[in-house]
Every structure is written in C-alpha cells, then in structure tokens.
Amino acid sequence: MSQEAVTPAHFIRKIVTQDVESKHTGKVITRFPPEPNGFLHIGHAKSICLNFGLAEEFGGDCHLRFDDTNPAKEEQAYVESIKADVEWLGFKWAGSVRYASDYFDTLYDYALHLIDNGNAYVCELSADEAREYRGTLKEPGKNSPYRDRSPEENRQLFEKMRAGEFEDGAAVLRAKIDMAAPNINLRDPILYRVRRLNHHQTGDTWCIYPTYDFTHGQSDAIEGVTHSLCTLEFEDHRPLYEWLIEHLPVPAQPRQYEFARLNLNYTVTSKRKLKQLVDDGHVEGWDDPRMPTISGMRRRGYTPLSLRNFCERIGVTRSEGVVDMSMLEHAVREDLDATAPRAMCVLNPIRVVLENYPENDVQTLSLPRHPKDESMGQREVTMSRELYIDRNDFEVEPPPKWKRLFLNGEVRLRGSYVIHCHDVVKDEAGNVVELRCTYDENTLGKNPEGRKVKGVIHWVSAADSVEAEVRLYDRLFQEENPAAQEDFTASLNLESLTVLRGARAEASLRRANVGDRFQFEREGYFAVDSSSSDDRVVFNRTVSLRDSWQKVKGKG
RNA sequence: UGGGGUGUCGCCAAGCGGCAAGGCAGCAGGUUUUGAUCCUGCCAUUCGCAGGUUCGAAUCCUGCCACCCCAGCCA
C-alpha cells in the first residue's frame with residue numbers, strides 16, 4: 001500500500017466507525033435538517049458534506065429534512081433553493097424530501113403523552129412573565145403558577161390550544177422538568193406555542209406549532225436517525241433532547257453529536273446577516289457571486305468538487321476557528337486547473353498594429369485547450385495585423401524584472417509570434433492608445449536565434465474577437481471578522497465588484513454557454529454568468545491565478 | 001464555584017505516555033511559449049500558563065488564564 005496522506009478520521013467518523021463495529025447492527029442514518037428561512041451558505045456545505053458523506057461512506061442513508069416549525073420565517077422558495085443546492089453539490093437524499101411538519105400529528109400525540117404522564121402542562125404566563133419566572137444565568141427560576149394543573153385539565157387546555165381558542169401568545173405547552181436547573185434549557189422549556197399562521201406545507205391545518213426542541217429529536221427518532229449531527233451551540237440542548245426521547249414512546253434512540261461551525265475570514269456565515277445584505281441591497285441577491293452562499297459560489301464558478309474537497313480538508317472538530325479564505329481559493333484553483341479549458345481574453349485592451357504583417361492576411365492558429373490534457377483537444381484562434389493586448393502588459397519604461405512588452409522591447413504572443421514594439425501612439429492627454437509593432441515571422445512555434453525572449457503575453461485578434469463583459473470580484477468585507485464589528489455592514493468593501501465592459505475575448509468564446517468555466521490564460525478562472533445573452537457574454541471571475549509578479553512588484 | 005465548551009506553527013488540523021503528521025499561507029530554488037501549473041528544499045527543541053507524577057508528558061494530575069455558547073413563545 002502507498003504511504004499517501006490519508007485524511008485522518010475526525011472524531012465523528014471515529015464514533016460512527018466504532019458504533020458500526022459494535023452496538024449498531026443496522027445502517028447508519030444521518031440527516032441534513034435546514035430551516036427553509038434563507039439560502040444555504042458555505043457553512044451548510046460543511047454540514048451537508050459531513051452528513052451525506054458519512055452516510056455514503058458507511059453505506060447508510062442521509063435524509064433531507066426541512067426543520068419547518070416556524071411558519072413566521074419560512075418560505076417555499078427557500079425549500080426549492082435548498083434542494084437545488086444539495087443536488088448541485090452532488091448528494092442524493094434517501095427517499096423523498098422530508099419535513100418536520102410531516103410529523104405534526106405524531107408530535108401532537110407525543111405532547112398528549114407527556115401531559116397524561118404529568119410531564120407537561122399548559123402555561124398561561126405572558127412572554128414577559130415567563131422570562132421573569134425563568135430566572136437568570138446565575139439565579140434559579142421559579143415555578144409557574146400553572147405548573148400543577150392536573151393531566152386532565154392540561155389535556156383539555158391543550159386541545160383548546162389546538163382548536164384555536166387561545167390568542168397567539170396566550171398559552172404554551174411546557175415540559176415539566178426543573179425550574180432550578182443550572183441548564184436553562186431544562187427550566188420547563190416551551191414545547192408548543194400558538195401561531196395563527198399559514199404554513200408553507202400544512203396550510204391552515206394548525207394554529208399551534210411545536211418548537212425546535214420538541215421537534216428535532218423526535219423527528220430524528222421517527223426517521224431512525226442514528227447520528228444526529230449539529231453545531232456546538234446546540235450542546236446545551238442535548239440534555240433536553242435526551243430527556244424527551246426518554247419520556248416519549250419513540251421508535252428509536254438517536255444520539256446527538258456537536259461539531260464546530262465553519263467560519264471564514266472576510267465574510268459572514270450567518271443566515272440573518274446574509275439576508276440583511278440581500279434585503280438592504282448591499283448585494284444583488286442571495287446568489288450574488290460575492291455571497292458565500294452555495295448559489296452565489298455556484299454562479300461565481302466554484303465547482304461542487306472544490307467545495308467538497310475544501311470541506312474535507314478543513315476537518316471536523318469541536319474547536320471553533322476561522323478558516324482562511326486562501327484555503328477555499330486553493331480548492332477551486334486546484335480543480336479548475338485540471339478541468340477548465342484555456343482561452344485568451346484581454347480584460348483592458350490596447351490596440352497593437354503589426355506594421356510588417358500583410359494587410360488582409362489572416363492566419364488560423366491551433367492551440368491546445370489544456371496544456372496537460374490533450375484529450376480536451378484544440379481550439380482555433382485568429383492571427384492578424386491588428387490585435388489587442390492588455391494595457392497591464394505594456395510599459396514605456398519597464399520596471400526592474402519586467403518580462404512583458406515595453407517600448408523597444410519584445411515579447412512572445414502566447415501560441416503565436418514574437419513581436420517588437422518600436423513606437424507608441426498617444427492621445428492629446430498623453431495616454432498611450434496604440435502600439436506600433438513588428439512581428440518576427442520566424443518565431444512561430446520556435447524561439448528566435450541568438451536572443452532570448454523572456455515574456456509571454458495573451459492577446460486576441462482585433463477583428464476576430466468578441467466584446468465581453470467581465471466582472472471581477474474582491475472580498476465582500478474589508479474587515480477580517482466583520483461579524484465582530486458593531487455594525488458588520490460598516491466594513492463592506494465598496495469595491496468588491498469591478499465591471500469591465502470592453503473586454504475582448506477570443507472568438508471561440510462566442511459560443512460559450514451559461515455556467516461554462518474557462519481559464520483565461522495569465523488572468524484567472526472565469527465562468528459564464530446567467531445574465532449573458534446571445535449578443536453579450538458576461539464572465540464572472542471565480543478566482544485569479546496566483547500572481548507572483550505582484551510580489552516581485554511589491555518588493556520594488 | 002450558574003451551566004456547557006475550547007485552547008498544538010500566521011490559518012486549518014493530526015497526535016491520546018515514548019521523543020511534534022499533513023494541508024493552506026510564506027520563503028528559497030528548478031522546469032515552463034500561462035510571472036500559472038508542476039517539482040525540490042526551508043518553515044513549532046515545542047504543544048494557553050504554572051506546578052506535580054514519571055526514566056520519559058502535547059498526551060496523566062492539580063491550580064490558574066484566555067476565548068466561545070446559553071436567560072426567543074428562533075433554529
């Protein structure tokens with residue numbers, strides 16, 4: 001066997017492995033339980049990869065279950081986007097999509113079970129009163145005056161709640177546990193509340209809705225989930241999760257395990273904050289390519305594999321950290337380097353005239369689509385007298401270490417000839433607007449004799465190229481940890497989007513389809529945006545190529 | 001002494017009593033018609049701190065310190 005670096009098993013993988021080897025004879029069942037109240041982001045990708053990945057690895061199942069217990073915040077549109085994101089990442093949920101609301105009837109019966117056993121009661125304290133009775137972090141709470149109602153009375157009252165005989169907020173069902181518990185989640189937690197709201201799945205069937213705590217664990221049990229994985233903030237809920245499972249006639253005993261959520265620097269991974277960016281118009285929508293949402297990253301050009309590799313590499317632990325954006329960028333570059341066909345696109349064009357190139361002569365050059373993968377074939381680019389190169393690839397007076405074109409210097413046109421610049425044309429303001437050059441006809445496919453040409457730059461034929469819009473993205477926030485700021489929107493990077501309308505792309509790109517990904521040589525990876533039309537191609541820069549010239553330049 | 005957690009390289013992360021994996025970033029070279037990719041080398045005598053146990057400690061014990069989560073009829 002090879003000694004290749006195998007990803008070490010993280011703690012959850014170890015637990016599952018151990019369970020499979022010992023107590024569990026059945027299969028591993030996990031679930032990804034999003035609340036449909038927003039779009040999924042990179043943090044959810046971690047959870048998706050963990051849950052679906054584990055099930056896949058152990059030959060088990062992973063369910064997609066919407067945790068839809070709060071109709072006030074949830075919408076069908078979010079349900080649809082979430083399904084699309086999970087599928088795009090390449091995972092398949094077992095069976096049909098599930099909803100916690102599928103279990104509302106059972107949950108209601110479970111509630112009656114607790115009531116009949118004296119483990120739950122209807123409480124008519126107002127929200128404010130309930131807060132006072134709950135006590136504080138350091139002081140115990142005190143019992144609700146409604147705590148000792150009889151099971152019979154509670155049953156009647158709860159049935160009235162269901163029948164709509166209480167106004168919103170007028171009554172709740174509470175578990176009867178311990179108002180002095182040091183863990184606040186055990187101070188008679190609320191199980192049901194009255195909410196006269198239409199629900200995206202159940203319509204107007206219910207006017208009482210179970211809380212997360214009363215829903216999650218029981219749903220897990222009903223589905224036979226063996227390992228219920230969630231983030232650290234739910235750790236304090238585990239005793240309640242277990243209490244409910246112990247006191248209810250559930251069909252299975254799922255176990256909850258917590259892991260640290262993913263934090264990425266220079267962005268936010270909080271549905272609430274992302275929603276605010278959308279609602280306040282700081283971005284163009286949930287799928288804005290600057291958003292760390294799965295749909296935004298998809299539109300930006302990220303690949304499912306790059307996200308999955310990223311999630312595998314960051315690991316799964318219980319210590320909360322902040323992953324550097326460069327890890328994510330590395331993951332996309334790695335995948336795209338191997339899979340993206342190459343093409344040339346001049347982002348900031350400046351005209352080049354090859355004075356010794358015959359007026360109407362047009363040559364077709366065949367270039368490989370990929371430098372290492374011949375199976376990707378060739379593409380044709382047109383060579384002609386008038387070209388465009390990037391303004392950044394020319395200097396009248398070159399700085400030290402310069403390898404590109406300069407006045408009275410020469411450079412290789414990628415896949416074509418070596419050209420020499422002997423003059424520049426300037427406008428009234430003194431800006432260089434055109435380069436007068438000559439080409440060396442003996443340099444196609446071979447190096448000139450007697451001299452070395454260090455640089456290679458990309459180019460396109462002036463006539464045979466298409467105008468394209470190119471969108472460059474920079475980090476959304478200037479602050480490494482925007483969430484730590486008083487107002488996170490204050491550190492929004494106002495230059496996170498740069499739109500280049502006059503870019504010139506090689507002709508082969510005319511037929512690019514939405515979603516297609518390319519490496520624009522020497523620039524970066526780009527994906528065709530969904531806003532492209534037949535007469536206007538729009539490219540999103542997924543990520544730039546690594547650029548060691550920036551470093552050299554920086555050192556002066 | 002409210003409860004629950006976490007502290008290993010700039011970042012992520014292995015390790016679980018036998019002498020600090022790996023990845024990202026960085027640095028230095030090599031190859032290169034992408035200043036890309038690829039390749040090579042360098043990058044924690046030290047594991048939050050202080051004691052202790054032990055032949056031996058990041059790993060065990062004790063005490064500190066720092067940070068995170070919890071007082072929604074949100075999830």
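Numbered from 1 within each chain, the chains take letters A, B, ... in sequence-line order. Bear in mind that the values here come from a model prediction, so they are computed numbers and not experimental data.
- The aromatic rings of A:Trp549 and A:Trp402 sit perpendicular to each other, their planes meeting at more than 60°, with 30° as the lower class boundary.
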| Contact letters for nucleotides 68-75 of chain B, in which S counts primed atoms plus P, OP1 and OP2 and B counts the base, heavy atoms under 4.0 Å | SBBBSBSB
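- When the P atom is used for both B:rA28 and B:rU37, the distance is 15 Å, rounded to whole Å.
- Counting to the nearest Å, the P atom of B:rC11 and the CE atom of A:Met327 are 11 Å from each other.
- Atom C1' of nucleotide B:rA13 and atom CG of A:Leu50 are separated by 15 Å, given to the nearest angstrom.
- Under the Watson-Crick and G-U wobble criteria, each requiring two contacts below 3.5 Å, nucleotide B:rC42 is paired to B:rG26.
- Taking the ring axis of A:Phe520 as reference, the NZ or CZ atom of A:Arg342 does not stay both within 45° of it and closer than 6.0 Å to the ring centre.
- For A:His63 and A:Glu223, the side-chain atoms include at least one donor-acceptor pair closer than 3.5 Å.
- The pairing partner recorded for B:rU59 is none, the criterion being a Watson-Crick or G-U wobble arrangement whose two distances lie under 3.5 angstrom.
- Summarising the geometry, the separation between CD on A:Glu480 and P on B:rA25 is reported as 16 Å, rounded to the nearest angstrom.
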| task | May I have the step-by-step check of side chain to side chain contact (heavy atoms under 4.5 Å, CB included) for A:Val322 and A:Leu264, ending in yes or no? | result | CA-CA 5 Å; A:Val322 183; A:Leu264 256 190; 5.8 Å; no
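- If you take atom C1' in B:rU46 and the same atom in B:rC19, they sit 11 Å apart, rounded to whole Å.
- Here the C1' atom of nucleotide B:rG5 and the OH atom of A:Tyr257 are 17 Å apart, to the nearest Å.
- Atom CG of A:Asn265 and atom C1' of B:rA25 are 11 Å apart (whole Å).
- Taking atom C1' in both B:rC69 and B:rG26, one finds a spacing of 34 Å when rounded to whole Å.
- When the P atom of B:rA14 is taken as reference, atom CZ of A:Arg13 falls 11 Å away, rounded to whole Å.
- In this structure B:rC73 sits in no base pair that meets the Watson-Crick or G-U test at under 3.5 Å.
- Looking only at side-chain heavy atoms (C-beta outward), A:His41 and A:Leu274 come within less than 4.5 Å of each other.
- Across the C1' atoms, B:rU8 and B:rA14 are found 10 Å apart, a figure rounded to whole Å.
- Between the CZ atom of A:Phe259 and the C1' atom of B:rU6 there is a distance of 16 Å, rounded to whole Å.
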| request: Walk me through it: do A:Phe66 and A:Tyr99 pass the test ring pair (Phe, Tyr, Trp, His ring centres under 6.0 Å)? | output: CA-CA 5 Å; A:Phe66 287 97; A:Tyr99 297 87; 5.4 Å; yes
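- To the nearest whole angstrom, the two C1' atoms, one in B:rG63 and one in B:rA25, are 37 Å apart.
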| Tell me, for nucleotides 31-36 of chain B in 5' to 3' order, what letter each nucleotide earns: B for a base near a protein heavy atom under 4.0 Å, S for only sugar-phosphate near one, - for neither? | --BBBS
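- Taking syn as a glycosidic angle within 90° of 0, B:rG15 does not qualify and is anti.
- Nucleotides B:rG10 and B:rC27 have their C1' atoms positioned 13 Å apart, rounded to a whole Å.
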| message | Please determine whether side chain to side chain contact (heavy atoms under 4.5 Å, CB included) holds for the pair A:Val332 and A:Phe310, giving the CA-CA distance in whole Å, both sets of side-chain angles, and the decisive distance to 0.1 Å. | response | CA-CA 9 Å; A:Val332 231; A:Phe310 170 74; over 6 Å; no
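- We find that CE of A:Met325 is positioned 15 Å from C1' of B:rA25, with the value rounded to whole Å.
- Comparing the same atom, P, in B:rA58 and in B:rG52 gives a spacing of 15 Å after rounding to whole Å.
- Residue A:Arg195 comes nearest to A:Asn70 through the heavy atom pair NE-OD1, 3.9 Å, listed as atom of the first residue, atom of the second, then distance.
- Residues A:Glu139 and A:Val316 each lie close to RNA chain B; by heavy-atom proximity, the contact nearer the 5' end of the strand is made by A:Glu139.
- Across all strands shown, B:rC67 forms a Watson-Crick or G-U wobble pair, both distances under 3.5 Å, with B:rG5.
- Ring geometry for A:Tyr209 versus A:His199: interplanar angle under 30°, hence parallel rather than tilted (30 to 60°).
- Ring pair A:Phe539/A:Phe518 is perpendicular by interplanar angle, where above 60° counts as perpendicular and below 30° as parallel.
- Cation-pi geometry between A:Arg174 and A:Tyr121 is not met at under 6.0 angstrom from the ring centre and within 45 degrees of the axis.
- Between the C1' atoms of B:rC43 and B:rC9, the separation comes to 8 Å (whole Å).
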